[in-house]
Amino acid sequence: MSSPTPQVITCKAAVAWGAGEALVMEEVQLSPPQPMEIRIKVVSTSLCRSDLSAWESHAIFPRIFGHEASGIVESVGDEVTEFKEGDHVLTVFIGECTQCRPCTSGKSNICQVLGLERKGLMHSDQKTRFSVKGKPIYHYCAVSSFSEYTVVHSGCAVKISPHAPLEKICLLSCGVAAGLGAAWNVADVSKGSTVVIFGLGTVGLSVAQGAKLRGASRIIGVDNNPQKCENAKTFGITEVVDPNSHKEPITQVIKRITDGGADFSFECVGDTDMISTALQSCCDGWGLTVTLGVPKVKPEISAHYALFLMGRTLKGSLFGGWKPKSDLPSLVDKYVNKDIQIDEYITHNLSFDDINKAFNLMKEGKCLRCVIHMPR
């Protein structure tokens with residue numbers, strides 16, 4: 001017996017009506033999934049710094065933010081064969097169509113068809129699925145998980161084991177996976193190496209975990225927030241440097257304590273000026289800098305050419321180089337088998353009604369990850 005055709009549903013969503021304005025709980029109408037789309041009942045979603053940055057900027061409004069999420073498939077659109085109602089899934093902000101040149105190359109996770117979506121629309125038809133009283137509400141990263149239900153392209157969801165706890169592994173749909181992948185896939189951190197990480201948020205501490213698991217001998221964390229530094233060693237940080245406690249520039253401090261610079265440096269702040277600092281903090285000859293942060297302002301980077309002339313390398317990293325569908329299920333398995341940490345990044349568990357509290361906590365630097373639990 002075939003399932004009934006999905007209809008428009010009304011649900012609660014936290015809508016951002018303007019830059020920096022408190023999110024408002026609204027009754028929204030959500031369209032049924034179109035061809036190659038699925039509708040998901042969101043179970044848990046967490047606040048990522050890129051949500052905060054976009055909310056604070058003069059981006060597209062009104063909008064439903066959220067992209068780091070787990071949920072259960074409620075209905076499927078035509079032509080979807082990979083998912084069925086009841087499947088447990090992670091949402092992902094970059095998809096994997098499996099057919100385009102990057103997807104088939106084995107060299108990149110930047111899908112040409114389902115890459116980073118910046119217009120607040122769906123990949124397939126450049127329209128929105130959300131509305132309030134007939135007014136369209138824009139998406140964020142083609143996910144929009146700050147809603148009880150959402151619609152995503154089937155290429156932007158990953159089927160996972162039903163035994164994995166959805167309230168924990170939502171962190172793998174962005175931050176934790178991004179940091180681990182930057183250390184493993186992008187930098188390929190080597191045993192015995194020295195690593196310096198600028199920014200000890202969830203992403204930076206996930207880089208630390210990845211470096212620790214690769215056997216790095218020194219993992220130096222740089223952050224001026226004492227609260228973040230306190231528990232950094234839980235994730236593999238061997239020493240913390242607060243730039244405010246030194247009279248000399250932080251690059252000189254790093255070079256001095258590492259005998260000429262680190263083997264690997266990671267920029268996890270989202271500040272393009274910090275990229276030059278990270279480059280200067282790694283060594284001549286083979287020093288590699290990986291940038292992961294998303295800048296709020298000044299997207300252009302500048303660095304002295306001599307840094308590259310002396311053999312340093314700068315690499316960008318989006319989602320840690322992971323191909324979502326191909327790679328995320330194995331990361332979930334690593335968590336289930338206790339090979340990687342996730343629980344320790346969750347500093348707050350909040351109800352959906354308290355979502356503005358999550359924004360305030362992150363804005364004030366008082367959390368790593370706030371997991372927001374949807375009504376059951």
Once salt bridge (charged side-chain N to carboxylate O under 4.0 Å, His left out) is applied, do any residues pair with Asp339, and if so which ones, sequence neighbours excluded? none
Who pairs with Arg49 by salt bridge (charged side-chain N to carboxylate O under 4.0 Å, His left out), at least two apart in sequence or on another chain? none
Side-chain heavy atoms nearer than 4.5 Å, only ILVMFWY residues, links allowed to pass through others: does that put [X] and [Y] together?
X      : Y      : answer
Ile346 : Leu361 : no
Val269 : Leu279 : no
Leu331 : Leu213 : yes
Val176 : Ile197 : yes
Val143 : Met122 : no

Steps toward side chain to side chain contact (heavy atoms under 4.5 Å, CB included) verdict (Asp51, Tyr140): CA-CA 8 Å; Asp51 292 299; Tyr140 181 65; 3.0 Å; yes
[X]: which residues meet the side chain to side chain contact (heavy atoms under 4.5 Å, CB included) condition with it, sequence neighbours left out?
X      : result
Asp188 : Arg214
Val186 : Val290, Lys315, Ser317
Ile60  : Arg63, Tyr138

So, Ser145 and Thr91: side-chain donor and acceptor under 3.5 Å apart, yes or no? no
Indicate whether the side chain of Ser124 and that of Glu37 have a donor and an acceptor atom separated by less than 3.5 Å. yes
Yes or no on side chain to side chain contact (heavy atoms under 4.5 Å, CB included) for Ser326 and Glu96, after CA distance, side-chain angles and deciding distance? CA-CA 8 Å; Ser326 303; Glu96 183 182 353; 2.7 Å; yes
Determine the minimum heavy-atom distance between [X] and [Y], stating which atoms define it.
X      : Y      : answer
Trp322 : Ala177 : NE1-O, 2.7 Å
Cys170 : Ser44  : CB-O, 3.9 Å
Phe266 : Ala187 : CZ-CB, 3.6 Å
Cys111 : Cys97  : SG-N, 3.4 Å
Val76  : Pro33  : C-CG, 3.8 Å
Leu172 : Ile340 : CD2-CD1, 4.4 Å

Give a yes or no on whether [X] atom [atom1] has more than 12 heavy-atom contacts from other residues, nucleotides or ligands under 6.0 Å away.
X      : atom1 : value
Met25  : CE    : yes
Lys41  : NZ    : yes
Arg256 : CZ    : yes
Trp17  : CH2   : yes

Is any side-chain heavy atom of [Y] closer than 4.5 Å to one of [X]?
X      : Y      : result
Ile254 : Ile220 : yes
Lys127 : Leu121 : no
Leu114 : His153 : yes
Pro329 : Ser161 : no
Lys363 : Glu56  : yes
Lys133 : Glu27  : no
Cys268 : Phe198 : no
Thr238 : Lys233 : no

Is there a donor-acceptor pair under 3.5 Å between the side chain of [X] and the backbone N or O of [Y]?
X      : Y      : answer
Asp242 : Asn225 : no
Asp263 : Thr194 : yes
Ser173 : Val92  : no
Gln252 : Lys255 : no
Glu117 : Lys119 : yes

Would you call Lys298 and Asp271 a salt bridge, taking side-chain N to carboxylate O under 4.0 Å as the test? no
Is the shortest distance from a Lys or Arg side-chain nitrogen in Lys357 or Asp353 to a carboxylate oxygen in the other one below 4.0 Å? no
Atom pair [atom1]/[atom2] of [X] and [Y] - distance to nearest 0.5 Å:
X      : Y      : atom1 : atom2 : result
Leu47  : Cys367 : CG    : SG    : 6.5 Å
Glu167 : Ser46  : CD    : OG    : 12.0 Å
Asn231 : Thr347 : CG    : OG1   : 8.5 Å
Lys168 : Tyr335 : NZ    : OH    : 5.5 Å
Asp333 : His163 : CG    : NE2   : 10.5 Å
Glu82  : Met36  : CD    : CE    : 8.0 Å

Could you please spell out the steps behind the side chain to side chain contact (heavy atoms under 4.5 Å, CB included) verdict for Val43 and Met374? CA-CA 5 Å; Val43 172; Met374 294 297 179; 5.9 Å; no
Geometric class of the His139/Phe130 ring pair [parallel <30°, tilted 30-60°, perpendicular >60°]: tilted
With a 6.0 Å cut-off on the ring centroids, do His373 and Phe352 count as close? no
Is the distance between the ring centroids of Phe65 and Phe146 under 6.0 Å? no
If the test is side-chain contact (heavy atoms from CB on, under 4.5 Å), which one of Ile137, Val24, Val132 qualifies with Pro62? Ile137
For Ile169, run the side-chain contact (heavy atoms from CB on, under 4.5 Å) check against Leu90, Val336, Leu328 and tell me which one passes. Leu90
The complete set of salt bridge (charged side-chain N to carboxylate O under 4.0 Å, His left out) pairs with one or both residues in residues 153-162, sequence neighbours excluded, reads Asp87-Lys159
Test side chain to side chain contact (heavy atoms under 4.5 Å, CB included) applied to Asp223 and Val240, step by step: CA-CA 8 Å; Asp223 203 298; Val240 173; 5.6 Å; no
Test Thr289 against Ser265 for side-chain hydrogen bond (donor to acceptor under 3.5 Å, both in side chains), laying out the working first. CA-CA 5 Å; Thr289 294; Ser265 66; 2.7 Å; yes
